[in-house]
Colleague: 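Below is the structure I would like to discuss, written out as structure tokens.
Predicted model only: the values in this text are computed from it and were never measured. One is the number of the first residue; the rest follow in order along the sequence.
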Amino acid sequence: QVQLVESGGGLVQAGGSLRLSCAASGSIFSSNAMGWYRQAPGKQRELVAAISIGENTKYADSVKGRFTISRDNAKKMVYLQMNSLKPEDTAVYYCAAARPLGYVTGSYDHWGQGTQVTVSS
């Protein structure tokens, strides 16, 4: 059981940067794989980035080289650093948690409330 609260969304111009944060509560945080998903209007929710308990990472091709996911287990925090933002990055971004194998299978079952990211051109 993990509770997740995102913050850091907002409005930014194309080419700018934002850092999203996810604060986790619960005693099993270090045993969870973590991910960031996003959902744009009219689109399906998609995995943007994921990080395993061993801090291996993976990214969607569309954000590779621009976004970085990281975690701080001592602080129970997960971050998504987003650079060189594009209008197509506009979406609601969700923090998610999974059992360790969820990093491989893509099965996430704990979700935050979401934070809006809007990139203007």
Side-chain angles (χ1 to χ4, degrees):
Q1 300 297 313
V2 178
Q3 296 80 50
L4 306 171
V5 179
E6 302 99 329
S7 62
L11 175 65
V12 65
Q13 289 185 317
S17 298
L18 284 173
R19 187 185 72 165
L20 305 184
S21 299
C22 175
S25 62
S27 61
I28 61 172
F29 175 78
S30 63
S31 297
N32 288 98
M34 304 296 298
W36 287 95
Y37 278 76
R38 68 185 181 188
Q39 187 166 28
K43 301 292 183 64
Q44 291 184 287
R45 188 171 297 186
E46 64 174 346
L47 180 67
V48 176
I51 185 166
S52 73
I53 59 174
E55 301 192 15
N56 294 312
T57 59
K58 58 184 177 182
Y59 300 90
D61 287 341
S62 60
V63 308
K64 198 170 298 180
R66 299 188 297 121
F67 290 11
T68 303
I69 187 172
S70 61
R71 67 190 297 163
D72 185 332
N73 290 342
K75 297 180 179 179
K76 295 186 177 181
M77 297 288 291
V78 183
Y79 306 98
L80 186 67
Q81 178 66 46
M82 305 186 294
N83 298 327
S84 302
L85 283 161
K86 304 174 181 179
E88 51 263 45
D89 295 318
T90 295
V92 177
Y93 284 71
Y94 298 89
C95 181
R99 299 181 185 90
L101 286 176
Y103 178 80
V104 177
T105 65
S107 180
Y108 291 81
D109 52 18
H110 292 88
W111 298 83
Q113 82 287 352
T115 186
Q116 176 71 47
V117 172
T118 302
V119 184
S120 65
S121 60

Colleague: Are any side-chain N or O atoms of R99 and backbone N or O atoms of S107, one a donor and one an acceptor, separated by less than 3.5 Å?
Modeller: no
Colleague: Rounded to the nearest 0.5 Å, what separation is found between the CG atom of L80 and the OH atom of Y37?
Modeller: 13.5 Å
Colleague: Taking all non-hydrogen atoms of both residues into account, name the closest pair between A49 and Y59 and its distance.
Modeller: CB-CD2, 3.5 Å
Colleague: Using a 6.0 Å cut-off, check whether atom CD of Q13 has over 12 heavy atoms from anything other than its own residue.
Modeller: no
Colleague: Under the criterion side-chain contact (heavy atoms from CB on, under 4.5 Å), I'd like the reasoning laid out for M77 against S21: C-alpha separation, chi angles, the key distance, then a yes or no.
Modeller: CA-CA 7 Å; M77 297 288 291; S21 299; 3.8 Å; yes
Colleague: Run the numbers on F67 and L85 for side-chain contact (heavy atoms from CB on, under 4.5 Å), then give the verdict.
Modeller: CA-CA 9 Å; F67 290 11; L85 283 161; 3.9 Å; yes
Colleague: T118 side chain to T90 main-chain N or O, any donor-acceptor pair under 3.5 Å?
Modeller: no
Colleague: Testing Y79, W36, Y94, Y93 one by one against C22 for a side chain to side chain contact (heavy atoms under 4.5 Å, CB included), which residue passes?
Modeller: W36
Colleague: Going from CD on E55 to OG on S70, what distance comes out if it is rounded to the nearest 0.5 angstrom?
Modeller: 8.5 Å
Colleague: Could you see if Y103 belongs to whatever hydrophobic cluster contains V78? Use Ile, Leu, Val, Met, Phe, Trp, Tyr and a side-chain cutoff under 4.5 Å.
Modeller: no
Colleague: Do you know which two heavy atoms are closest between P87 and A14, and how far apart they sit?
Modeller: CD-CB, 4.1 Å
Colleague: Please lay out, stage by stage, how E6 and L20 fare under the test side-chain contact (heavy atoms from CB on, under 4.5 Å).
Modeller: CA-CA 7 Å; E6 302 99 329; L20 305 184; over 6 Å; no
Colleague: Looking at every non-hydrogen atom in both residues, tell me the closest pair between V92 and Q116 and how far apart they are.
Modeller: CG2-OE1, 3.3 Å
Colleague: To the nearest 0.5 Å, how far apart are CZ in R19 and CE in M82?
Modeller: 11.5 Å
Colleague: Restricting to pairs with a member in residues 32-43, which pass salt bridge (Lys or Arg N to Asp or Glu O under 4.0 Å), not counting sequence neighbours?
Modeller: R38-E46, R38-D89
Colleague: Taking all heavy atoms of A33 and all of I53, pick out the closest pair and write down the distance.
Modeller: N-CG2, 4.0 Å
Colleague: So, for G35 and Y108, which heavy atoms are closest and what is the spacing to 0.1 Å?
Modeller: N-CE2, 3.6 Å
Colleague: Would you say the side chains of Q3 and S25 form a donor-acceptor pair under 3.5 Å?
Modeller: yes
Colleague: Please determine which of N32, T57, N56 meets the side chain to side chain contact (heavy atoms under 4.5 Å, CB included) test together with I51.
Modeller: T57
Colleague: Can you name the nearest heavy-atom pair linking S84 to S17, along with the distance?
Modeller: N-OG, 4.3 Å
Colleague: Just so I know, are the side chains of M34 and L4 near enough to count as touching, which here means a heavy-atom distance under 4.5 Å?
Modeller: yes
